[in-house]
Protein chains: 2
Amino acid sequence: MNKVLVVDDEPALARALAINLRAHGWEVVTAADGRSALEAAAGEHPDVVVLDLGLPDLDGTEVIAGLRGWTSLPIVVLSARQHGEDKVEALDLGADDYVIKPFAMNELLARLRAAVRRSQAPAPEESVVVAGPLEIDLARKRVSRDGADVRLTPTEWSFLELLARNVGRLVPREQVLREVWGPAYEHETHYLRVYAAQLRRKLEDDPSHPRHLITSPGLGYTLQ
Amino acid sequence: MNKVLVVDDEPALARALAINLRAHGWEVVTAADGRSALEAAAGEHPDVVVLDLGLPDLDGTEVIAGLRGWTSLPIVVLSARQHGEDKVEALDLGADDYVIKPFAMNELLARLRAAVRRSQAPAPEESVVVAGPLEIDLARKRVSRDGADVRLTPTEWSFLELLARNVGRLVPREQVLREVWGPAYEHETHYLRVYAAQLRRKLEDDPSHPRHLITSPGLGYTLQ
DNA sequence: GCCCGCCTTGATGGTTCCTTGACGGGCACC
DNA sequence: GGTGCCCGTCAAGGAACCATCAAGGCGGGC
């Protein structure tokens, strides 16, 4: 199921959107201002953001800039302003699409689907990544080792998923911290060690001599 | 310069678009019907397609489907139809964006920029530099020699990467020091010798008679 | 309200890597 | 042949980084 973050300061509209989106199979989280939107984007890992311009605390463009600083997560902007430069500005800042209020629900749904599809397309994304005795099913968020299911915590999964999507490639430490914990955690390298150790204990035959979750000191981690 | 393929059967509109786009720095090729649009997309390698629905020969949705069969090239649909399902249908078929006529030129330009940026951002920069038995994969940060992986430290990698990005060219000592250690280290030439030696020990068959990591005394280093 | 799972944080010990120094060789020039 | 310069090599100390264990705190589920 795809997850969408709805950012809107009008409770009525936010609730209406949430109900409609849930009815169409989306998992919905909401935020009422820019600050909590940025937090939620980092903490909830949505697949797409619906962003209403004109929030109480931050300008909508600041929210876009704040997100684009660390993620390419698709953003669909929602606005009542029919004319003017803000549409162009939002797109140039890195928004992915723009819908004018009032809008037809099925149009918004189509644009969300398009945004998510685009963002996922470039990852050729076999939904199951195999590494030795490990099978990582990205779509179902499941991992098995020698055929037996392995239970992971949300953070462990997020870490492993990132490595799996770049299987065979070295993923830099900063990228792991940014994408798993959020942009404010780029220097919390201790987390990496703790979670790498936890994953190894669950996934490796000999956790102290890992063969699949490999550390490159000072650089990052590789799944192979 | 970015190249755009404009598909429109009205010569007047097509010409107006082409002039405007060229004025904003785009390289423009045009097609007046669906069949030639598909050919042009294959032959001209545009960065983005602007597609007017309602062509004489093929339905616009068929053009989208025809393109999506083999490429993920971004498509911006142009249409006069204000309402109805075709907007949703076009997006779901794989169009990347949708602009309704009449439209503001700067909006179309912004959407084109956004579409191109999106399509290029995730391009994983598949560049592998080969020098004799060495293969240097810049994206994966991996080096192999005769097919076997070679482990490098962060500083060694940074040094080698710089040389690999300028393979065959002499990289001045000062540039190496600046880009690997930072601007304050421009005169620490000793570092160069130590790390050049370490790299040779890992990469060369006979480290004391290097064939790939070449020193030009007083000038700099070359990878070949 | 309690319990449990998970995240965070600290402490410790081991490893890797960077920096720095010392020494010898080749080369040009005097 | 001596001198100076630059390069290559080796080695050691210390800093940065990693692995592991464990405990406290927080929140969600019951």
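Here is the naming used below: chain letters follow the sequence lines, and residue numbers restart at 1 for every chain.
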I'd like a table of atom pairs between the protein and nucleotides 21-23 of chain C - only N or O on both sides, under 3.5 Å - with the distance next to each one.
{"from": "C/dG21", "atom 1": "N7", "to": "B/His190", "atom 2": "NE2", "distance (Å)": "3.4"}
{"from": "C/dG21", "atom 1": "O6", "to": "B/His190", "atom 2": "NE2", "distance (Å)": "3.0"}

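If you take CG of B/Leu203 and P of D/dG8, they are 15 Å apart, rounded to a whole angstrom. Spacing between atom CG of B/Leu219 and atom P of D/dC5 amounts to 18 Å, rounded to whole angstrom units. Atoms CZ (A/Arg173) and C1' (C/dC17) sit 12 Å apart, rounded to a whole Å. The separation between A/His187 atom NE2 and C/dT9 atom P is 15 Å, rounded to whole Å. Put simply, CG on B/Asp206 is 14 Å from C1' on D/dT9, counting in whole angstrom units. Protein atom NZ of B/Lys202 is 16 Å distant from nucleotide atom C1' of D/dT9, rounded to whole Å. Whole-Å rounding puts the A/Glu188 CD to D/dC18 P distance at 14 Å. Straight-line distance from the CG atom of B/Leu192 to the P atom of C/dT20: 14 Å, rounded to whole Å.
For the residue pair A/Arg173 / A/Ser216, no side-chain donor-acceptor distance below 3.5 Å is found, with atom types taken as modelled. With no hydrogens or angles considered, a side-chain donor-acceptor pair links B/Asp206 and B/Ser208 at under 3.5 Å.
Between B/Thr215 and the phosphate of D/dG8, there is a side-chain N or O to OP1/OP2 separation shorter than 4.0 Å. OP1 or OP2 of C/dT9 sits under 4.0 Å from a side-chain N or O of A/Tyr191. For C/dC7, neither phosphate oxygen OP1 nor OP2 lies less than 4.0 angstrom from any side-chain nitrogen or oxygen of A/Trp181. Taking side-chain N and O atoms only, B/Arg193 has no distance below 4.0 Å to OP1 or OP2 of D/dG8. One finds no side-chain N or O of A/Arg201 lying less than 4.0 angstrom from the OP1 or OP2 phosphate oxygen of D/dT20. Between A/Tyr195 and C/dC7 there is a side-chain N or O to OP1 or OP2 distance below 4.0 Å.
Taking a cutoff of 4.0 Å between a charged side-chain nitrogen and a carboxylate oxygen, A/Glu204 and A/Arg211 do not qualify as a salt bridge.
For residues 149-160 of chain A, proximity to DNA chain D is found at no residue, defined as any non-hydrogen atom under 4.0 angstrom from a strand atom.
In terms of modelled atom types and a separation under 3.5 Å, the side chain of A/Glu179 and the main chain of A/Val176 share no donor-acceptor contact. Between the side chain of B/Asp137 and the backbone N or O of B/Arg140, at least one donor-acceptor pair lies under 3.5 Å.
Summarising the local packing, CZ of A/Arg68 is surrounded by more than 12 heavy atoms from other residues, nucleotides or ligands at distances under 6.0 Å. Around atom CZ of B/Arg145, more than 12 heavy atoms belonging to other residues, nucleotides or ligands sit under 6.0 Å away.
Annotation for B/Ala164 and B/Val129: closest pair O-CG2, 3.6 Å, computed over non-hydrogen atoms. Residues B/Ala95 and A/Ala114 approach most closely at O-CB, 4.5 Å, considering heavy atoms.
Checking C/dT9, D/dG8, C/dT19 against the side-chain heavy atoms of B/Arg200 singles out D/dG8 as nearest.
Within 4.0 Å of B/Ser208, counting heavy atoms only, lie sugar-phosphate atoms of the nucleic acid but no base atom.
With a 4.5 Å cut-off on side-chain heavy atoms, A/Ile64 and A/Val77 count as touching.
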